[in-house]
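Hydrogens, waters and symmetry mates are skipped; everything else that's a heavy atom, side chains included, is used. Model, not experiment: these values are computed from the prediction.
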Number of protein chains: 2
Amino acid sequence: MGTPSLADVAEHAGVSAITVSRALRTPEKVSKHLRDRVEASVAKLGYVPNPAASALASTVSTTIALILPSLTNTVFDDVLHGLYEGLGDAPYFLQIGNSHYSALKEEELIRQFIRQKPAAFIVTGFGQTEQSHRMLKNARCPVVQIMDVGRETVDMSVGFDHVAAGAAVARHFLDCDYRRLGYIGARLDVRSQQRMQGFIAAAAGDAPVDDRRIATSPADSSVGLGRQLLEQLLARAPDTDAVFCNNDDLAVGALMEARRRKFDVPNALGICSFHDNEFARHMIPPITAIATPRKEIGKRAIEMVLAEIREPNSVRERHCDLGFELMHRETTRPVAG
Amino acid sequence: MGTPSLADVAEHAGVSAITVSRALRTPEKVSKHLRDRVEASVAKLGYVPNPAASALASTVSTTIALILPSLTNTVFDDVLHGLYEGLGDAPYFLQIGNSHYSALKEEELIRQFIRQKPAAFIVTGFGQTEQSHRMLKNARCPVVQIMDVGRETVDMSVGFDHVAAGAAVARHFLDCDYRRLGYIGARLDVRSQQRMQGFIAAAAGDAPVDDRRIATSPADSSVGLGRQLLEQLLARAPDTDAVFCNNDDLAVGALMEARRRKFDVPNALGICSFHDNEFARHMIPPITAIATPRKEIGKRAIEMVLAEIREPNSVRERHCDLGFELMHRETTRPVAG
DNA sequence: TTGAAAGCGCTAACAT
DNA sequence: ATGTTAGCGCTTTCAA
């Protein structure tokens, strides 16, 4: 015989299997006397529960299903760190599914996860298909949608407002007296587009964003791509005086390209980044950026989920807007006035 | 009734459950006739297998156990990307355990994983406890140890030689005529220490590394910490002429600190980084670094594992040294001579 | 090539 | 507070 089973523990402790099960899962329902005996046997035999058997027998497993649109985007690394930090030693397994930014693939993943009776779902954004939405509604477990805020929530949500964040950048540029605004972005998912739209809309009155000043690419974002995109943008619109970069990689690339061209940053060219990774603020000059609560989103999401698992409907704040913060550093001019 | 089970598919197709099971797992053992009927029913009912039931009934699950010492270290993000890329659509789930750089915690994780009858184990390094080693040996599934190369392998391994990598940096510094060599590092795990020792040993003959020129910290590595550590090192040994940085964050920080002090890099101070993230080569000046095959390690590890699952003992190269490469850029002088 | 029966290790439901 | 029974959905073993 290999590893000991519940029955082995039961025999060793001289009790029934169900008592061992209870002693382990709901110790308060077992008398101290038997609980002690069970615990001793568990320790003696080195018993570890078999999650597959327990998943099969009960209505929920110890799997928390997580669906991310990308694993190569560092934003989700940060979210993951928050998730694992929040998870701590809780007896749940995070199972990651990668939807590759496809709602159909996501639907497929949800279908697979459903079979595992996950203890909870954490999914990215609000772009689910109708089917997905229905499956999540029917899953009878907590569901958190992360990264974004919105109305059509399945159950709970944590994120921030991307439209507002884009608008904040536009307003900042205007406050600093920039007027010929540009935008560079890579791999434009829904949320990036919201940022861009918020940016364009907020700029529209005072400094409409010219199409020639928008440079994007379907490629993954990287520092090298940031250089290229700025180059493209300047080739088409050399008099651009400020660029909103859709993330830190691109912003660092743009800054390096600007330096190579001996541009005066921030006077001749302002740069504002998005997300604010640690290295952005250590560049020379330090990069102005919208700081986003990536790690906090992960941590909060898992906390909500664990709380709901413990005690359904116990979470009061079911929709958290964690906000963002503009870090005004040295790649944008001082506020005019 | 919720989601359809194997029995439902069997009934719908007018065959027995076991035939459906076979049609799905070993289609070559079922006649084309029945196979087609089964497939049609599977599609019609939208059947998705229940992994818990299959894990319980069979001797292996579809879980691949992965033990990483850290999730906050970007090195492992890269490894993870390689793992997921190599996994592709293979029907296995990666289950990540975080050992927090503790061999005991790792042992505990292995014990838990064993209960799940994983299809394979991927563990980091060679620092397992004796118990862990024994459990892995007895697990009757492929095991790959990643990141390092070494002799006392459980089963298979993929990595590179950290001692040799450290030595290569020392030799490079000497070739470029640096003589007062320093080292900065954060969160020193076994492999970092091997790098440091390789570095010190290789420098010993021509330019022994003075203790005052070693600055380390138990904190997580970051750009800010790189600045601080260089500052500390220079406070103690202002005439240091080259620094080996244990990773890219630190190197970028060191470069920024050097720039703040208006040091002439590479002439007055040489900087060599480790890992070579994409941004390192886009800094100004581009950073000389040892490029490590992090992503390739992940990809290769999963490939080995999948090959062994399909066909035990089919993998020929069971111990892969993926090597490293010194990228000589502009933070170290041209080679003297 | 196909099927029937048994059982993987646990928990839900129902006693006591 | 504790135990008995049945069954989760699949695969193994054995038989035809």
S.K.: What is the distance from CG of B/Leu34 to C1' of C/dT1, rounded to the nearest Å?
M.R.: 8 Å

S.K.: Are the side chains of B/Val38 and B/Val30 in touch, meaning some heavy atoms are under 4.5 Å apart?
M.R.: no

S.K.: Is a salt bridge present between B/Arg35 and B/Glu39, judged by a nitrogen-to-oxygen distance below 4.0 Å?
M.R.: no

S.K.: Any side-chain heavy atom of B/Ile64 sitting closer than 4.5 Å to one from B/Leu83?
M.R.: no

S.K.: In the 5'-to-3' direction, what one-character label does each nucleotide of nucleotides 9-16 of chain D receive under the scheme B = base within less than 4.0 Å of a protein heavy atom, S = sugar-phosphate only, - = no such atom?
M.R.: BBBB----

S.K.: Whole-Å distance between D/dT2 C1' and A/Glu28 CD?
M.R.: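 Computing the A/Glu28:CD to D/dT2:C1' distance gives 15 Å.
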
S.K.: Counting just side-chain N and O atoms, does B/Thr19 come under 4.0 Å of either OP1 or OP2 of C/dG3?
M.R.: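 Result: yes.
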
S.K.: Using side-chain heavy atoms (C-beta onward) and a distance below 4.5 Å, is B/His133 in contact with B/Phe126?
M.R.: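 No, every pair of side-chain atoms sits at 4.5 Å or beyond.
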
S.K.: Take A/Glu107 and A/Arg111 through the salt bridge (Lys or Arg N to Asp or Glu O under 4.0 Å) test and state the conclusion after the steps.
M.R.: CA-CA 6 Å; A/Glu107 185 180 310; A/Arg111 208 184 312 283; 2.8 Å; yes

